[in-house]
Structures are given as structure tokens and as C-alpha cells.
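Notes to accompany the following structure.
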Amino acid sequence: MIDFAKTLYARHSSVIHAYISMTSGSAGRLVLSLVYFICIANGLSIAEFGLFATASAAGIMISRVLAFGFMSPLYRVATVKPLLVGTYSAGFAAGALLSLPLIAVLCLAVYYAVFARDIGLPVFLGFMAAEIICWRGLEVVVIVLNGLGRFGRAALLVIIGTGIRTAAALAFSLLHFASLGTWSLFYLGANVLALLIAVIWFYPKVRLRWRLHLYIRRWGDSVSVAGAEVLFYIQSEFDKIAVLAIGGPEVSGVYAIIMRLADLTALPVRSFNTLLVQKIMRVPGTISSWRTRLTIEALVAAISFLAIAAMAIYLWIFPYGLGNNVAQAASYLMAVLLVPSFRNLIEYHSELLYATGRTVRRMTNLVIAGIVKVALLTAVFKTSTDTAYWAPLLNGVYLALYVASFALTYSALRREKGRVI
């Protein structure tokens, strides 16, 4: 057994070291994210937390329109042809500026459709600027660093960015006049600082070169990836908007707390996804065997389940271990133990399609998943907004989504494709 482990390590040592670098960042981010979550979930009322979580979800969805998805060619180039990073960085910057009018229209449309009754426009726009411009900008820097194989620096940047937001949340929680408006100022300031650090100290030192013909060639890939990203986050985050619209701020607050705790289990899985995507880009046949595919699926499901189960047991023993507001939702965590596994596997399927260049199929799958998810959640919450009723039914909702995602993804992978650059 020891000899087998040594052989396995020798064969995959570079991948193992890269994963350790990335998961060290994820571990640090997990601790900071938990502190951040505790401060905000208890610093705001449950209704205000629901509004913030829903506004943040809207910002995450709209942020995928930034630069019309040009971070995808930028990432592919950083992974396969790093000498072109400067050229594609210029293309990304131009795309980001061109996308701002569309982003502004989308923000106003979402505000007047969903949030106008509960949040002032300046507060809402503060959250949007923080998510769409600042945090998404930091994520792009992390994406480029990961593409270049600088996993340690990428992990450090994530920790710094999350640490700044956590410090802002901690300072906010100590205020005696805490409100959603005040938190929007803290949140925006923290994200602006994180973006400046990312761009000034972490982005690779490259020469910006304008090559319009290269950008036009990548236009189809960029737009399809942007569409797929928006659709992925619609099916991932739109549930919060639907719950707010049906159940109101209080119900959306409880739902947001439960789903935020579930989302923390995805951090180690996303590190694995990043490495697997790069491996598939370089060696397209990496996941061609069903044994490999099912083994990976089982591991993702098991890690996700163990993480949420550990969290549920902790909160069962210490109900107020994460604060008074969280305690109101903590008792229902045992009822959603399967949700993180299904959510993380759906995200994993989406990454497989991206890695193999099936971006249009990825969009189609996400449209189907988004429609099914909204329909099922609407049916559940319109029947009853009692948490004891809808919490256990979430397992069934995400099981249905997983089955659909599994069938659609692996049917698309039947035909082999060459390396995507």
C-alpha cells in the first residue's frame, strides 16, 4: 500500500502540489468566509440579510456579462500560450468598457423588477458595483494566475480579498447603527481595495498589445461562454430572487442562510475543478473512461456530504455556535444534507463541458436546468413558505436537477473533440 502511494505521488506530484497550493487558499478562504458570514448574518436582521444575499446573487449573475465573456480566451491563452497574455489582456479591458452600458441596463431592470420596494437604488447600485466591477475583476486576475500555473499567488490573492471583506464585515458588526445602507458602503469600499491590490500587485507584468483580428476570431467562444456563465449563475443564484419574490425578505433570509452554509462545501471541489479543466484542455481524453467519470462523481459527492454533515452536527451540538440569527436556520441543516452534493456535481458537469469546448451545449444544458429549477422551487414555495415543509424538499429539487445534468452532460461527451485553445 505504501509503495502504491509512493508510485501514485511520483506520477502525479506536480498536480498534487498544485492542488495543495489551491486548497490551502480554499482553506484560508473557508475560515475567512465563515467569519464573514457570521458577522453579516448576525449584524443584519434576517430580512436584511435575505435582501443582501439576493442582491449579491443578482450582482454575481450580471457580472458574467463583463467583457462579454472575454476572460475565457484570456484563460485559455494563459493556460496554453502564456506569451499572448498581454495581447488578450488588452482585449479584455476593451470588452469590459464596451459591456458597461449593457450591465447598467441589466442592473436597473433587475432593481425595478425585484428590489424597488425593499432597497434604495443607491444601496442596490453599491452592491452591484462591488460584485460586478470589483470582485469579478479580482476573479479575473485569479483566473489568469491559475492559467499561468501560479496557484500559490492566486490562492494568496483570494485570501487577501476575502480577508479584506471579512475585516469590513467585522468592523460593520461592531457598529451600533448597523443598517443595509451602511453595509453597502463598507462592502463597496472593501471590494474596491481588494481590486486595486489585485491589479497593482498581482496581475502579471505584461505589455498590452492591441490585436483586433485575434479578438474577432475568439468572439464566438467569448459570447457563448458569457451566455453559459450567466445561465449557470441564473440556475445557481436565481433561486434567491424567486424565494424573495414569493416568500418575502424573512423567508429569503432563512433560505439564504441555509444555502450559504451549503455553498461553503464547494470551495475544495472548485480547486479540483480548476485543475481538471486544465488537464482536459491539454489532454482531451482525460475523462474518457466511465470508471474515471464515476469515481470523480463519487468523490465530489462524498466530500460535499461529509462537509455539510460536519457542519450540521456542529450546529446540532452548539445551536448558537454561529450566532443567534443563524441558529434560527441551523436546525434545518440536517434536512438538506444531499443538496451540496447535487449542487457541486452540477457545477462539475458545467466545467466538463467548458473544458472540452462544448460551450453552446453548456448553454443549452443550463437553460434547461434553470427552467426546471425555477419551476420546481416555485411549486414548492407556493405550496407553503413554512421552513419545516420546504427544507427537506430541496433534496428532491436538486436530485432532479442532477439527474438532468448527468444525462445531458455525458450524452454531449460521447463524441470526441480535439484540444481546445
Side-chain angles (χ1 to χ4, degrees), residues 61 64 69 71-72 75-76 79 143 220-239 262-263 265-305 338-377 394-421:
M61 288 187 284
R64 269 50 199 176
M71 61 281 298
S72 174
Y75 176 61
R76 293 189 193 279
T79 301
I143 287 169
D221 178 58
S222 299
V223 173
S224 61
V225 167
E229 288 282 304
V230 171
L231 291 170
F232 173 79
Y233 281 97
I234 284 176
Q235 73 85 20
S236 177
E237 303 288 345
F238 190 76
D239 51 346
D263 193 51
T265 66
L267 293 177
V269 175
R270 285 170 184 156
S271 298
F272 169 77
N273 286 347
T274 299
L275 290 174
L276 184 62
V277 164
Q278 292 187 355
K279 178 73 171 177
I280 293 171
M281 284 180 179
R282 296 179 180 123
V283 186
T286 300
I287 56 160
S288 57
S289 80
W290 273 104
R291 182 179 180 182
T292 301
R293 293 173 178 179
L294 295 178
T295 299
I296 292 174
E297 298 246 343
L299 286 172
V300 170
I303 291 170
S304 304
F305 179 81
L338 298 179
V339 169
S341 294
F342 295 139
R343 286 183 81 206
N344 293 341
L345 282 168
I346 292 166
E347 182 173 340
Y348 164 70
H349 291 162
S350 180
E351 292 298 314
L352 288 185
L353 293 175
Y354 169 71
T356 55
R358 293 171 171 86
T359 52
V360 175
R361 183 58 181 266
R362 187 184 186 213
M363 288 179 65
T364 304
N365 289 8
L366 292 170
V367 168
I368 295 170
I371 292 172
V372 172
K373 183 178 184 181
V374 171
L376 291 175
L377 286 175
L394 293 180
N395 296 293
V397 170
Y398 282 93
L399 171 60
L401 290 170
Y402 166 71
V403 171
S405 178
F406 184 96
L408 292 167
T409 298
Y410 289 111
S411 65
L413 293 176
R414 285 177 183 170
R415 294 180 62 185
E416 293 292 332
K417 288 190 71 170
R419 191 174 73 178
V420 179
I421 300 177

Residue set satisfying side-chain hydrogen bond (donor to acceptor under 3.5 Å, both in side chains) with S405, at least two apart, ordered chain then number -> H349

By salt bridge (Lys or Arg N to Asp or Glu O under 4.0 Å), R64 pairs with (sequence neighbours left out) E139, E229

Applying ring pair (Phe, Tyr, Trp, His ring centres under 6.0 Å) to Y75 and not counting sequence neighbours gives none

By side chain to side chain contact (heavy atoms under 4.5 Å, CB included), A404 pairs with (sequence neighbours left out) none

_Between V374 and F238, is there a side-chain heavy-atom distance shorter than 4.5 Å?_
yes

For L377, the side chain to side chain contact (heavy atoms under 4.5 Å, CB included) test, sequence neighbours excluded, returns D239, Y255, K373, F381, L394, V397

Shortest non-hydrogen pair, Y233 vs M61, comes out as O-CG, 3.3 Å

Please check this pair: side chain of N395 against backbone of L338, looking for a donor-acceptor N/O pair closer than 3.5 Å. yes

When T356, I346, N365, L345 are each screened for side-chain contact (heavy atoms from CB on, under 4.5 Å) with T409, the one that passes is N365

Residue set satisfying side-chain hydrogen bond (donor to acceptor under 3.5 Å, both in side chains) with E351, at least two apart, ordered chain then number -> none

For S72, the side-chain hydrogen bond (donor to acceptor under 3.5 Å, both in side chains) test, sequence neighbours excluded, returns D221, Y354

Interatomic distance, CG@L294 vs CG@L299, rounded to 0.5 Å, equals 11.0 Å

By side-chain hydrogen bond (donor to acceptor under 3.5 Å, both in side chains), R343 pairs with (sequence neighbours left out) none

The side chain to side chain contact (heavy atoms under 4.5 Å, CB included) partners of V403 (sequence neighbours excluded) come to L399

Residue pairs passing the salt bridge (Lys or Arg N to Asp or Glu O under 4.0 Å) test with at least one member in residues 401-413, sequence neighbours excluded, are none

By side chain to side chain contact (heavy atoms under 4.5 Å, CB included), I296 pairs with (sequence neighbours left out) F272, L276, I287, T292, V300, Y348

Nearest heavy-atom contact between P340 and A262 is CG-CB, 3.8 Å

ask   = For the residue pair F342 and Y398, is the inter-centroid distance of their aromatic rings smaller than 6.0 Å?
value = no

Side chains of S411 and R361: closer than 4.5 Å at any heavy-atom pair?
yes

* Residues R293, F406; criterion side chain to side chain contact (heavy atoms under 4.5 Å, CB included); working and verdict -> CA-CA 11 Å; R293 293 173 178 179; F406 184 96; over 6 Å; no

Review point. Is the shortest heavy-atom distance from the side chain of Y410 to the side chain of W290 under 4.5 Å?
Key: yes

query: Do R358 and L413 come close enough that some side-chain heavy atom pair is under 4.5 Å?
result: yes

Under 3.5 Å, is there a donor-acceptor pair between the side chain of R362 and the main chain of S350? yes

